[in-house]
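Note sheet for the following structure.
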Amino acid sequence: MAKYEMLYLLNNDSAEETKTAEIEKFENIVKSMGGTVVSTDKWGTKKLSYPIKFKNDAYYVLMTFEADGQVVNELDRIAGIDGEVLRRMITKQN
């Protein structure tokens, strides 16, 4: 299993419960597919460099996990269709 980082930006206008549910959802995807979540860092609200979907700020979350490539594909797919996720980026660590 390789080690990955997923940085994703959540809609800052959402309720705190919604943000928490989104974070748990992505952690559960990793765990249900046999991976392990090393850490989840909630960076909080930050101003965006440019507007995304007419939003000027977003809630940043960095999740570090160990998993197979299939988990990365599934995370990318789910984040792509999720209305609360403004942007996401998954990178492999060396």
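Predicted model only: the values in this text are computed from it and were never measured.
By the side-chain hydrogen bond (donor to acceptor under 3.5 Å, both in side chains) test, E27 pairs with T40, sequence neighbours left out. The salt bridge (charged side-chain N to carboxylate O under 4.0 Å, His left out) check on R77 picks up E74, with sequence neighbours excluded. Every residue two or more places apart in sequence or in another chain that forms a side-chain contact (heavy atoms from CB on, under 4.5 Å) with K92 is listed here: A2, Y4. Remark: D76 pairs with R88 by the side-chain hydrogen bond (donor to acceptor under 3.5 Å, both in side chains) rule, at least two apart or across chains. For the side-chain contact (heavy atoms from CB on, under 4.5 Å) test, residues two or more places apart in sequence or in another chain that qualify with D82 are E22, K25, F26, E84, V85. When the ring-ring contact (aromatic ring centres under 6.0 Å, His included) test is applied to Y59, no partner is found at least two apart in sequence or on another chain. With sequence neighbours left out, K46 forms a side-chain contact (heavy atoms from CB on, under 4.5 Å) with W43, Y60. By the salt bridge (charged side-chain N to carboxylate O under 4.0 Å, His left out) test, D13 pairs with K55, sequence neighbours left out. Residues passing the side-chain contact (heavy atoms from CB on, under 4.5 Å) test with E5, sequence neighbours excluded: L62, T64, T91, Q93. Under the side-chain hydrogen bond (donor to acceptor under 3.5 Å, both in side chains) criterion, T45 pairs with N12, not counting sequence neighbours.
At least one side-chain heavy atom of K3 sits under 4.5 Å from a side-chain heavy atom of V38. Residues M63 and L75 have side chains in contact (heavy-atom distance under 4.5 Å, counting atoms from C-beta outward). Residues L9 and L48 have side chains in contact (heavy-atom distance under 4.5 Å, counting atoms from C-beta outward).
We find the CE-CZ distance between M89 and R87 to be 12.0 Å, quoted to the nearest 0.5 Å.
The same ILVMFWY cluster, assembled from side-chain heavy atoms under 4.5 Å apart, contains both M33 and M6. Using a 4.5 Å cut-off between side-chain heavy atoms of Ile, Leu, Val, Met, Phe, Trp and Tyr, with links allowed through other members, I90 and L86 fall into different hydrophobic clusters.
Nearest approach of S32 to I29, heavy atoms of both residues: OG-O, 3.0 Å. Nearest heavy-atom pair across A67 and G35 is CB-CA, 4.1 Å.
Counting only residues at least two apart or in different chains, ring pair (Phe, Tyr, Trp, His ring centres under 6.0 Å) contacts with residues 69-94 are absent. For the ring pair (Phe, Tyr, Trp, His ring centres under 6.0 Å) condition, no pair includes a residue of residues 68-94, sequence neighbours left out.
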Item to check | V61 and L7: CA distance, side-chain angles, deciding distance, side-chain contact (heavy atoms from CB on, under 4.5 Å) verdict | outcome: CA-CA 6 Å; V61 181; L7 177 66; over 6 Å; no

